[in-house]
2 protein chains.
Amino acid sequence: MSDPTVLLRNHGVPVTAQRIAVLNAVTKLPHSTADTIAEEVRASIGAISKQAVYDALATLTSKGIIRRIQPAGSPALFETRVGDNHHHIICRTCGTTADVDCAVGERPCLSAADNSGFKIDEAEVIFWGTCPDCLASS
Amino acid sequence: MSDPTVLLRNHGVPVTAQRIAVLNAVTKLPHSTADTIAEEVRASIGAISKQAVYDALATLTSKGIIRRIQPAGSPALFETRVGDNHHHIICRTCGTTADVDCAVGERPCLSAADNSGFKIDEAEVIFWGTCPDCLASS
DNA sequence: TCAAGATCTGGACTGAGTCAAGAAAAAGAT
DNA sequence: ATCTTTTTCTTGACTCAGTCCAGATCTTGA
Ligand SMILES: [Mn+2]
Ligand SMILES: [Mn+2]
Ligand SMILES: [Zn+2]
Ligand SMILES: [Zn+2]
């Protein structure tokens with residue numbers, strides 16, 4: 001289950017060294033950018049192209065193996081914590097991102113008061129504020 | 001109140017032709033991009049630089065006269081409906097953006113179950129789904 | 001083992017937005 | 001009304017995150 005090779009195979013994704021390394025990097029560094037993941041992968045397998053990183057991240061995301069978060073004004077972030085629709089708090093000062101479970105319930109805000117006839121499939125929630133460290137030093 | 005000149009002056013913002021035109025454009029075309037706003041402004045006053053549009057939008061946003069929305073994978077959108085913390089539904093197919101009031105209340109989700117010590121100042125909620133038109137044609 | 005198909009590489013390219021320096025315009029004080 | 005100071009606007013280069021493409025390489029399954 002946590003063996004990347006098995007995980008990829010179970011999802012019908014051809015197993016490549018690059019994909020394994022990208023998945024390991026996302027596991028090791030939650031909420032990190034494609035760029036940070038590329039660096040981590042290079043440290044572990046020596047080299048990978050920027051494009052292969054983006055391709056792997058896109059494939060893993062589309063298979064539900066990882067999750068993409070796209071906060072305003074920052075590049076996309078990736079994490080392996082999927083399937084529990086948790087949300088995120090981001091520090092406006094230092095960018096630190098933390099997980100948060102919504103008080104409302106398992107699938108918060110999925111029903112809107114007036115949905116204008118839309119069929120809603122996802123509620124994206126991002127909290128903005130200041131992290132403990134930045135609060136302390138101010 | 002709805003006179004742009006007065007509105008700007010009340011907020012201590014120097015009144016310029018560009019700012020008035022940008023504010024009018026945002027009023028006329030809610031949920032539109034900086035680019036669309038620039039086109040609208042050019043149609044109305046003849047010319048404006050890209051930078052002046054970004055500057056005006058930033059100033060108006062910082063004064064709370066307009067609001068910036070930054071949906072994942074799309075350029076920022078602007079609107080004049082401020083002060084009522086409403087949220088948005090975006091169609092994955094055609095990009096149409098509609099206003100929505102959250103079922104939870106006036107300030108939905110502002111308190112998270114476990115905030116990890118963060119001081120939260122904003123909850124950004126974006127619903128994703130399919131609009132009535134796109135539902136019909138599928 | 002081999003063919004067919006998918007993936008990876010390298011490099012050019014795009015879109016949204018920012019930076020910086022000088023020209024133009026607005027505000028405040030005669 | 002005019003001048004001075006300060007802010008804003010223009011122009012054009014530049015950055016960053018991400019995409020597109022063509023050819024080389026690797027995975028898979030027969
Ligand atoms: Mn997370
Ligand atoms: Mn709106
Ligand atoms: Zn912080
Ligand atoms: Zn639609």
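Because the structure is a prediction, the values reported are computed rather than measured. In the text below, chain A, chain B and the rest are named by the order of the sequence lines, each starting its count at 1.
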Checklist entry - Taking the inter-plane angle between the rings of His31(B) and His86(B) on a 0 to 90° scale, is it parallel (under 30°), tilted (30 to 60°) or perpendicular (over 60°)? => result tilted
Checklist entry - Is there a side-chain polar atom (N or O) of Arg19(B) under 4.0 Å from OP1 or OP2 of dA26(C)? => result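 Answer is no, no contact under 4.0 Å.
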Separation of [N] [atom2] from [X] [atom1] (nearest whole Å):
X        : N       : atom1 : atom2 : value
Tyr54(B) : dT15(D) : OH    : P     : 18 Å
Asp55(A) : dG11(C) : CG    : P     : 17 Å
Ile45(A) : dT7(C)  : CD1   : C1'   : 13 Å
Arg42(B) : dC9(D)  : CZ    : P     : 14 Å
Lys63(B) : dT7(D)  : NZ    : P     : 12 Å
Gln51(A) : dG23(D) : CD    : C1'   : 14 Å
Asp35(B) : dT18(C) : CG    : P     : 14 Å
Ile37(A) : dG18(D) : CD1   : P     : 10 Å

Taking the side chain of [X] as heavy atoms from C-beta outward, which of [options] is closest to it?
X        : options                   : result
Lys50(B) : dA27(C), dT18(C), dG18(D) : dT18(C)
Thr16(B) : dC20(D), dA26(C), dG18(D) : dA26(C)
Pro14(B) : dA27(C), dT9(C), dT11(D)  : dA27(C)
Arg9(B)  : dG17(C), dT11(D), dA27(C) : dA27(C)
Gln18(B) : dT10(D), dT19(D), dT18(C) : dT10(D)
Pro75(B) : dT10(D), dA16(C), dG18(D) : dA16(C)

Checklist entry - For Ala76(B), which contact category applies under a 4.0 Å heavy-atom criterion: base, sugar-phosphate, or nothing? => result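 Ala76(B): backbone/sugar contact only, no base atoms under 4.0 Å.
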Checklist entry - Checking all strands, does Ala17(B) fall into the base, sugar-phosphate, or nothing category for heavy-atom contacts under 4.0 angstrom? => result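 Since no nucleic acid heavy atom lies under 4.0 Å of Ala17(B), the category is nothing.
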Item to check | Flag, side chain of Arg19(A) to backbone of Leu8(A), donor-acceptor distance under 3.5 Å | outcome: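 Here the side-chain-to-backbone pair does not exist.
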Item to check | Side-chain ion pair, Lys50(A) and Asp35(A), N-O less than 4.0 Å | outcome: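 A salt bridge is absent here (no side-chain N lies under 4.0 Å from a carboxylate O).
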Checklist entry - Is His88(B) close to Ile69(B) at the side-chain level, that is, under 4.5 Å between some pair of heavy atoms? => result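 They are in contact (side-chain heavy atoms under 4.5 Å apart), so the answer is yes.
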Checklist entry - Should Ile37(A) and Ile45(A) be regarded as members of a common hydrophobic cluster, given that ILVMFWY residues are connected when their side-chain heavy atoms come within less than 4.5 Å of each other, either directly or indirectly? => result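 In one cluster with Ile37(A): Ile45(A), yes.
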